[in-house]
*Asks:* 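Let me begin by handing over the structure; questions about it come next.
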Amino acid sequence: MAAAEANVTTGQGPGDTLPPMSGGIDIAAAIKESAIAAFVAALLTLPLLGLHAANVGAALLLRTRWELMLAAVGAVFVGRFLFVLVRDRRKRPRSGPSMFDRAVHTIHERMLIIGAAALLAAVILPFTEWGGDRYIIYTATTFLIYVMLGWGLNIVVGLAGLLDLGYVAFYAVGAYSYALIATQFGWSFWVVLPLAGVFAAFFGIVLGFPVLRLRGDYLAIVTLGFGEIIRVILINWYDVTNGPDGIIGIPRITFFGIEFKRGEGGFADLFGLEFSALHVMVFLYFVILTLAVITNLFTQRMRKLPAGRAWEALREDEIACRSLGINPTNIKLSAFALGAMFGGFAGSFFSVRAGFISPESFTFIESAIILAIVVLGGMGSQLGVVIAAAFVVIMPEVFRQFEEFRMLLFGGAMVLIMVWRPRGLLAFRSPTILMHPLAGKKTQILKKEGA
């Protein structure tokens with residue numbers, strides 16, 4: 001009787017057996033897949049690691065480094081084997097969200113506290129023992145530039161869902177706007193800064209009109225072409241942009257009219273300090289920190305306004321937006337314009353910090369890095385952009401001691417993260433508006449990653 005009930009419950013006949021558990025780990029298949037990956041790695045690392053050209057006196061000799069090559073191949077085999085085990089384990093049905101997913105939800109619930117703590121740490125950084133290191137301040141400033149660029153592009157890609165591969169064009173417009181106006185007319189940075197944002201926003205609208213009917217890959221191709229058009233114009237319009245030679249002698253930033261110079265009338269003399277070149281670097285750090293905070297606050301505010309909710313609706317379904325009476329033309333143009341505006345602000349700051357700009361600073365790789373920051377952090381996530389920017393900017397500096405292998409290690413680390421979190425580090429999107437507070441709490445509990 002019990003056997004009959006069991007057969008009825010499982011749907012099996014008297015002579016049938018239960019199917020194997022889904023999501024099991026096949027060791028033989030894992031070894032085979034790892035061996036194939038190791039073989040491909042051996043082919044790729046043979047010319048890169050196995051063979052090495054060395055200058056010995058006047059002769060050029062080809063030396064072998066088989067132990068280094070075998071170590072790399074072995075690492076690929078072990079790494080692939082572990083990846084297959086983890087992948088097959090994740091195929092098993094889970095009763096609920098993973099520990100990392102719950103941590104992501106907790107982070108979003110404590111976003112205000114985390115943001116305040118991060119801002120406090122950024123403010124006190126120059127006053128700590130690390131603040132006296134020019135290298136650390138310079139790296140932190142570069143990190144904040146990319147955070148600001150990531151937040152600006154996040155408006156277009158993360159909120160509006162428009163793939164933009166030419167964002168570096170707005171960055172270049174802002175940089176050349178300040179460089180040309182400051183060198184030709186002598187205007188200060190504080191006067192040109194808003195103008196650079198306006199000029200970049202204008203170019204964002206110019207880009208937006210041709211791509212109103214495009215989406216997906218076609219949109220990416222057009223924006224990529226727009227970025228290259230701006231770069232080619234900067235190279236060939238020699239009478240205005242000085243072509244590939246760039247613009248030198250860009251006026252440095254002032255403390256609201258007070259120059260950072262040695263001697264009487266300078267910043268140090270006015271405040272009774274000993275002159276140090278670190279003063280201007282710290283001031284530049286606080287300027288870009290302020291601009292980044294303004295960008296974040298503006299974006300967060302826009303997300304709660306009708307325009308921001310329209311961006312997110314456009315990202316989810318453009319046809320549904322039209323049926324609700326939302327004008328996609330105005331929504332797309334506003335996203336391009338506002339995202340470009342912050343790119344122009346960051347470009348003008350880059351120009352005043354560097355003192356020299358050229359078209360080589362605004363190649364496609366810059367657009368790719370900024371887009372990687374947005375995608376790696378999780379599209380639409382402000383905190384994710386900060387974490388991804390820290391990874392993209394600071395990680396190569398950590399690997400600098402490995403010399404020629406640092407970019408290889410950096411690329412491998414990015415691949416591992418994208419395999420582990422294919423939708424970004426913080427892919428969870430909290431709803432902008434909740435119909436009821438209790439409903440919001442239940443949603444946060446029940447939602448899984450990417451919901």
*Asks:* Do Tyr176 and Ile357 make a side-chain contact, defined as non-hydrogen atoms from C-beta onward lying under 4.5 Å apart?
*Replies:* yes
*Asks:* Show me, pair by pair, the donor-acceptor contacts under 3.5 angstrom made by side chains of residues 286-296, not counting sequence neighbours?
*Replies:*
unit_1, atom_1, unit_2, atom_2, d
Thr290, OG1, Phe286, O, 2.8
Thr295, OG1, Leu291, O, 2.8
Asn296, OD1, Gln382, NE2, 2.9

*Asks:* Under 4.0 Å between a Lys/Arg side-chain N and an Asp/Glu carboxylate O for Arg252 and Glu259?
*Replies:* no
*Asks:* First locate atom OG of Ser381, then atom CD1 of Ile387, and finally report the distance between them rounded to the nearest 0.5 Å.
*Replies:*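 If I round to the nearest 0.5 Å, the distance is 7.0 Å.
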*Asks:* Hey, is the main chain of Ala38 close enough, under 3.5 Å, to the side chain of Arg80 for a donor-acceptor pair?
*Replies:* no
*Asks:* Taking ring pair (Phe, Tyr, Trp, His ring centres under 6.0 Å) as the definition, give me every residue that meets it alongside Phe255, ordered by chain and number, with sequence neighbours left out.
*Replies:*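 Phe255 satisfies ring pair (Phe, Tyr, Trp, His ring centres under 6.0 Å) with Phe267, Phe271, Phe283 only.
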*Asks:* Any idea which heavy atoms bring Thr183 and Ile250 closest together, and the distance?
*Replies:*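 Closest heavy-atom pair between Thr183 and Ile250: CG2-CA, 4.1 Å.
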*Asks:* From Thr45 OG1 over to Met69 CE, what is the distance, rounded to the nearest 0.5 angstrom?
*Replies:*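 One gets 4.0 Å once the value is rounded to the nearest 0.5 Å.
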*Asks:* Given Phe336 and Asp164, is the side chain to side chain contact (heavy atoms under 4.5 Å, CB included) satisfied, shown in steps?
*Replies:* CA-CA 9 Å; Phe336 274 114; Asp164 188 355; 4.1 Å; yes
*Asks:* Do any N or O atoms from the side chain of Asn154 and from the backbone of Gly150 form a donor-acceptor pair under 3.5 angstrom?
*Replies:*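 No, the answer is negative, given that no donor and acceptor are paired below the 3.5 Å cut-off.
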*Asks:* Looking only at heavy atoms, which two atoms of Gly174 and Ala196 are closest? And how far apart?
*Replies:* O-CB, 3.9 Å
*Asks:* Does any non-hydrogen side-chain atom of Val147 lie less than 4.5 Å from one of Phe143?
*Replies:* yes
*Asks:* Any non-hydrogen side-chain atom of Phe83 less than 4.5 Å from a side-chain atom of Ser34?
*Replies:* no
*Asks:* Indicate, with yes or no, if the rings of Tyr285 and Tyr138 have centres closer together than 6.0 Å.
*Replies:* no
*Asks:* Can you tell if the side chain of Tyr167 reaches within under 4.5 Å of the side chain of Leu149, non-hydrogen atoms only?
*Replies:*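 A side-chain contact under 4.5 Å exists here.
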*Asks:* Taking the side chain as every heavy atom from C-beta outward, state whether Phe349 and Leu284 have any atom pair closer than 4.5 Å.
*Replies:*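 Yes - at least one pair of side-chain heavy atoms lies under 4.5 Å apart.
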*Asks:* Measure the NZ-CD1 distance between Lys332 and Ile205 for me, rounded to the nearest 0.5 Å.
*Replies:*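 Between atom NZ of Lys332 and atom CD1 of Ile205 there are 15.5 Å.
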*Asks:* Less than 4.5 Å apart, any side-chain heavy atom of Thr363 and any of Val168?
*Replies:*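 Counting from C-beta outward, Thr363 and Val168 never come under 4.5 Å.
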*Asks:* For side chain to side chain contact (heavy atoms under 4.5 Å, CB included), just list the numbers for Phe260 and Thr254, CA-CA rounded to whole Å, side-chain angles, deciding distance to a tenth of an Å, and then say yes or no.
*Replies:* CA-CA 7 Å; Phe260 292 88; Thr254 62; 5.6 Å; no
*Asks:* For Glu312 versus Arg303, what's the shortest heavy-atom pair and its separation?
*Replies:*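 The pair with the smallest heavy-atom distance is OE2-NH2, 3.0 Å.
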*Asks:* Is there a side-chain contact between Phe356 and Ser358, using heavy atoms and a 4.5 Å cut-off?
*Replies:*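 In contact.
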*Asks:* Does atom CD1 of Ile248 have more than 12 heavy-atom neighbours, drawn from other residues, nucleotides or ligands, at distances under 6.0 Å?
*Replies:* no
*Asks:* How far does CD1 of Ile247 sit from OG of Ser351, to the nearest 0.5 angstrom?
*Replies:* 7.0 Å
*Asks:* In terms of heavy-atom contacts, does CZ of Phe202 have more than 12 from other residues, nucleotides or ligands at under 6.0 Å?
*Replies:* no
*Asks:* Which heavy atom of Ala172 sits nearest a heavy atom of Ile230, and at what distance?
*Replies:* CB-CG2, 4.4 Å
*Asks:* Taking only Lys NZ, Arg NE, NH1 and NH2, and the carboxylate oxygens of Asp or Glu, determine whether Glu228 and Arg231 approach each other closer than 4.0 Å.
*Replies:*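 Here Glu228 pairs with Arg231 in a salt bridge, since their nearest N and O are under 4.0 Å apart.
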*Asks:* Any chance you could measure Leu180, atom CG, to Thr241, atom OG1, to the nearest 0.5 Å?
*Replies:*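 One gets 7.5 Å once the value is rounded to the nearest 0.5 Å.
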*Asks:* Please report the interatomic distance CD1(Ile373) to CH2(Trp151), rounded to the nearest 0.5 Å.
*Replies:*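 If we round to the nearest 0.5 Å, Ile373:CD1 and Trp151:CH2 are 11.5 Å apart.
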*Asks:* With the side chain counted from C-beta on, respond yes when Phe199 and Ile181 share a heavy-atom pair under 4.5 Å apart, and no when they do not.
*Replies:*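 Touching, per the 4.5 Å side-chain cut-off.
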*Asks:* Check the pair Phe342, Ile155 against side chain to side chain contact (heavy atoms under 4.5 Å, CB included), reporting the backbone distance first and the verdict last.
*Replies:* CA-CA 10 Å; Phe342 292 111; Ile155 295 177; 4.0 Å; yes
*Asks:* Between Tyr178 and Leu193, does a side chain to side chain contact (heavy atoms under 4.5 Å, CB included) hold up when you go through it step by step?
*Replies:* CA-CA 7 Å; Tyr178 172 72; Leu193 177 64; over 6 Å; no
*Asks:* Would you indicate whether Trp237, at its atom CH2, is surrounded by more than 12 heavy atoms from other residues, nucleotides or ligands within a distance under 6.0 Å?
*Replies:*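 No, because the 6.0 Å sphere around CH2 of Trp237 holds 12 heavy atoms or fewer from other groups.
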*Asks:* What residues form a side chain to side chain donor-acceptor pair (under 3.5 Å) with Ser334, not counting sequence neighbours?
*Replies:*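 With neighbours one apart ignored, the set is Trp311.
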*Asks:* Take atom CD1 in Ile319; do more than 12 heavy atoms of anything else shown fall under 6.0 Å from it?
*Replies:* no
*Asks:* Measure up the Tyr171 and Phe350 rings against each other and bin them: parallel (under 30°), tilted (30 to 60°), perpendicular (over 60°).
*Replies:* tilted
*Asks:* What's the shortest heavy-atom distance between Val173 and Ser177, and which atoms?
*Replies:* O-OG, 2.5 Å
*Asks:* For Val374 and Val385, which heavy atoms make the closest approach, and how far apart are they?
*Replies:*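 Answer, listing the atom of Val374 first, then Val385: CA-CG2, 4.4 Å.
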*Asks:* Between Ser348 and Arg353, do the side chains contain a donor N or O and an acceptor N or O under 3.5 Å apart?
*Replies:*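 No, no side-chain donor-acceptor pair sits under 3.5 Å.
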*Asks:* Please tell me whether Phe203 and Phe170 form a close aromatic pair, meaning their ring centres lie under 6.0 Å apart.
*Replies:*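 Not under 6.0 Å, so no.
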